[in-house]
Amino acid sequence: MKITRSEVEHVARLARLELSDSELDTFTGQMDGILAYVEKLNALDTDGIVPTSHAVPMENAFRPDQPADSIGVEAALANAPQRAESFFRVPKVIE
Amino acid sequence: MEIFDLTIHELHEKLKAKEVSSVEATRAMLERIEAVDGQVNAYITVTPEQALVEAEAADRRIAAGDVAPLTGIPVGLKDIFITKGIRTTCGSRILENFVPPYDGTAVAKLKEQGAVIVGKLNQDEFAMGSSNESSYFGPVKNPWNLECTPGGSSGGSAAAIAARTATATLGTDTGGSIRQPASHCSCVGLKPTYGRVSRYGVIAYASSLDQVGPLTRDVTDAALLLGAVAGYDPKDSTSVNTPVPDYVAGLATGVKGLKIGLPKQYFIEGLDPDVKRAMDEAIALYKSLGAELREVSLPHTEYAVATYYLIATAEASSNLARYDGVRFGHRAEDVRGLKEMFAKTRAEGFGSEVKRRIMLGTYALSSGYYDAYYVKAQKVRTLIMQDFLNAFQEVDVLLTPIAPTPPFKIGEKLADPLQMYLSDIFTIPVNLAGTCGISIPAGFSAAGLPIGLQLIGKPFGEATILSTAYAFERETQWHLKKAPL
């Protein structure tokens, strides 16, 4: 076994994802299969190989620090599930 | 020939000659959508009112003699593109009612040219899938055979071309999501080099792999549409500041003396016989046109799928953290506190493929596994990129199949995610290497299902793969065959 049901539960908590019992069972089996498949990468010796995070060479992108138009409070709040005045409203944060 | 059958360049000529107006073309397209999309399900949202307003504006521009290549042309957008005032779902319940406050750069560029947006196209949820079956809005049917999938994730974008319910469409490609559905629906689909097109206003799946590209009826249209959206954008710091060539002007370059590589790892046992036959015919045709064909090796090909499903899921798990029910999108009700709201919102809002990838990615990034999985995959990615650089020392273009088989049946691969992932074996390496690839129609299976051919170019070699594709298209005419709808 590459991954156990309790590890899957732990990962779900890290991902802020509530999973049902049947989802936990299914994902445990499927993730186990996929992780067994990706083990094949270990057949390759990658000592001294530089990891690639981007396919094209990237430099820091700088821009002048100048004020510009933004979309505005009303447009930013237009999709809010709940709002209060000019804020996003959420359930109790301190439990 | 109906108006909805025309290519961009054909309709452009008619608009310019005032043989047809943009309002007429747009009406014809909207009627066509009304008539056939019930069978195909390519559209999540159709926007007739806005489209007709845009068409009227285009007609005014045309009357004033101000006609860009896309002025007045009815286009569809994968629902991953942020569109101001038009619902943008990304195929997900979590964004079912999301109406963005701005346009992304590619969309803004189309609008500047006066293109008419007729609607938003179905896709796999958050672009995660190879068959369009993970959409919250139901699967898309392949217009060539309604029992088959159109491929994915830009399945709606490809199916709309085949069903003639859009003159051209935009899609995105993270592991083959433009090229594979283009192949399965017999249209042209191009994934540009990473950085060629701005990703600003494109909902992120795997940020180091995602690229925007065209799906069209022919190669000329792909060149036109790519030219319209390509270029540096200060709003996307990964877009590359390299001049955009006139892709149409170079189309007729020809392939005499062109060195075309055949990667031996792509012509394997187990390749579907119909796909194999189409590749053999394509190779013979290119030889007859004066190209030099030779075998090359991309030795790390077999590691690409494993590498992709670690890197893409890791990036996805991070990108999708923003869907938490706070600022936009679905929010779960009756929760006891913030943490429960996050977990329930995401449980209700995401489908199973998205959950599976978030889980895999979270695991690959988690403490104790980061080096073993994520960093290992990034190192193998370096080896895969090096394979391509080495091959391009010897040849100008690579020729490969797009998919190991013709389109598969809806439901066929749903039970086994790994089998679904493995169907992307020939498209994924191009994303990992960050280079460009195009899928063009290359024939049909004995059962009448489309088969696509992939041409892979050097980084920023879009002009070369387009002219190589054009040479093939001019001789074969597969692109003129119409789906029976």
Side-chain angles (χ1 to χ4, degrees), chain A residues 2-3 7-8 10-20 23 26-27 30-31 33-44 46-63 71-72 74-83 88-95, chain B residues 98-99 101-102 193-195 208 234 237-238 240 300 302-303 306-307 309-310 317 321 324-331 335-344 346-347 350 352 355-356 358-360 362-363 366 373 375-383 385 417-418 421 432-435 459:
Chain A
K2 296 283 161 214
I3 191 164
E7 285 177 296
V8 174
H10 171 67
V11 173
R13 272 194 300 277
L14 291 177
R16 298 273 187 266
L17 208 48
E18 188 179 275
L19 297 181
S20 67
E23 280 178 314
T26 309
F27 285 165
Q30 290 175 338
M31 287 174 72
I34 295 165
L35 292 171
Y37 176 75
V38 303
E39 285 284 300
K40 72 185 293 161
L41 298 186
N42 292 333
L44 288 172
T46 51
D47 281 352
I49 304 289
V50 180
T52 295
S53 56
H54 266 94
V56 288
M58 291 285 160
E59 287 170 21
N60 269 336
F62 293 103
R63 62 169 174 79
I71 58 170
E74 280 311 308
L77 284 166
N79 282 286
Q82 258 194 304
R83 64 179 285 187
F88 295 101
R89 190 185 174 106
V90 294
K92 198 168 58 170
V93 175
I94 299 162
E95 292 167 26
Chain B
F98 174 56
V99 180
Y102 68 98
T193 308
Y194 186 80
S208 80
S237 62
T238 63
V240 176
H300 297 95
E302 68 164 300
Y303 302 101
T307 303
Y309 278 97
L310 290 169
S317 73
D324 55 10
V326 173
R327 292 158 302 148
F328 54 87
H330 175 74
R331 176 188 287 192
V335 292
R336 280 168 297 178
L338 193 63
K339 272 191 197 165
E340 189 180 308
M341 184 193 89
F342 293 154
K344 277 198 181 345
R346 291 159 66 77
F350 292 139
S352 63
K355 288 178 185 172
R356 185 158 39 244
I358 290 173
M359 291 289 291
L360 263 176
T362 304
Y363 182 71
S366 66
Y373 289 110
V375 176
K376 180 77 185 182
Q378 287 187 311
K379 288 181 171 181
V380 180
R381 183 176 182 182
T382 306
L383 297 174
M385 285 176 66
L418 189 55
Y421 298 170
L432 291 170
T435 193

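Small disclaimer: the values here were computed from a predicted structure and weren't measured. Chain A is the first sequence line, chain B the second, and so forth, proteins listed ahead of strands; every chain is numbered from 1.
- Contact check for E39(A) versus K2(A): side-chain heavy atoms found under the 4.5 Å cut-off.
- Contacts between Y309(B) and chain A at a heavy-atom distance below 4.5 Å are absent for every atom of the residue.
- Using a distance-only test at 3.5 Å, with no hydrogens or angles considered, no donor-acceptor pair links the side chain of N79(A) to the main chain of R327(B).
- Of the listed residues (G195(B), A306(B), G434(B)), the greatest number of heavy-atom pairs within a distance under 4.5 Å of chain A belongs to A306(B).
- If you measure heavy-atom distances from R83(A) to chain B, you find no contacts under 4.5 Å at all.
- Under the 4.0 Å criterion applied to side-chain N and carboxylate O atoms, K339(B) and E18(A) are not assigned as salt-bridge partners.
- Neither the backbone nor the side chain of S317(B) has a heavy atom closer than 4.5 Å to any heavy atom of chain A.
- At a 4.5 Å heavy-atom cutoff, the contact between V11(A) and chain B is made by backbone and side-chain atoms alike.
- Counting heavy atoms from C-beta on, the side chains of M385(B) and P459(B) never come closer than 4.5 Å.
- Taking CG of L310(B) as the reference point, atom CD of Q378(B) lies at 10.5 Å (rounded to 0.5 Å).
- Contact count against chain B (heavy-atom pairs under 4.5 Å) is highest for I3(A) among N60(A), I3(A), L77(A).
- In terms of non-hydrogen atom pairs under 4.5 Å with chain B, the most contact-rich of I71(A), L19(A), T46(A), L14(A) is T46(A).
- Residue P417(B) touches chain A through its side chain alone, counting heavy-atom pairs closer than 4.5 Å.
- Chain B forms the most heavy-atom pairs under 4.5 Å with one residue out of I34(A), L44(A), V50(A), and that residue is L44(A).
- Only the side chain of M341(B) comes within contact range of chain A, with at least one heavy atom under 4.5 Å from a heavy atom of that chain.
- For Q82(A), the parts lying under 4.5 angstrom from a heavy atom of chain B are both the backbone and the side chain.
- Looking only at distances, a side-chain donor or acceptor of R346(B) sits under 3.5 Å from a matching main-chain atom of R16(A).
- Residues Y373(B) and L35(A) meet the side-chain proximity criterion, which asks for heavy atoms closer than 4.5 Å.
- Listed options A75(A), S53(A), A61(A), A78(A) were ranked by heavy-atom pairs under 4.5 angstrom with chain B; first place goes to S53(A).
- Partners of Y102(B) by side chain to side chain contact (heavy atoms under 4.5 Å, CB included), not counting sequence neighbours, listed by chain and number: I82(B), Y200(B).
- Highest contact tally toward chain A, considering only I358(B), V326(B), V375(B), is held by V326(B) [criterion: heavy-atom pairs under 4.5 Å].
- By the side chain to side chain contact (heavy atoms under 4.5 Å, CB included) test, H54(A) pairs with M58(A), Y194(B), S208(B), T238(B), sequence neighbours left out.
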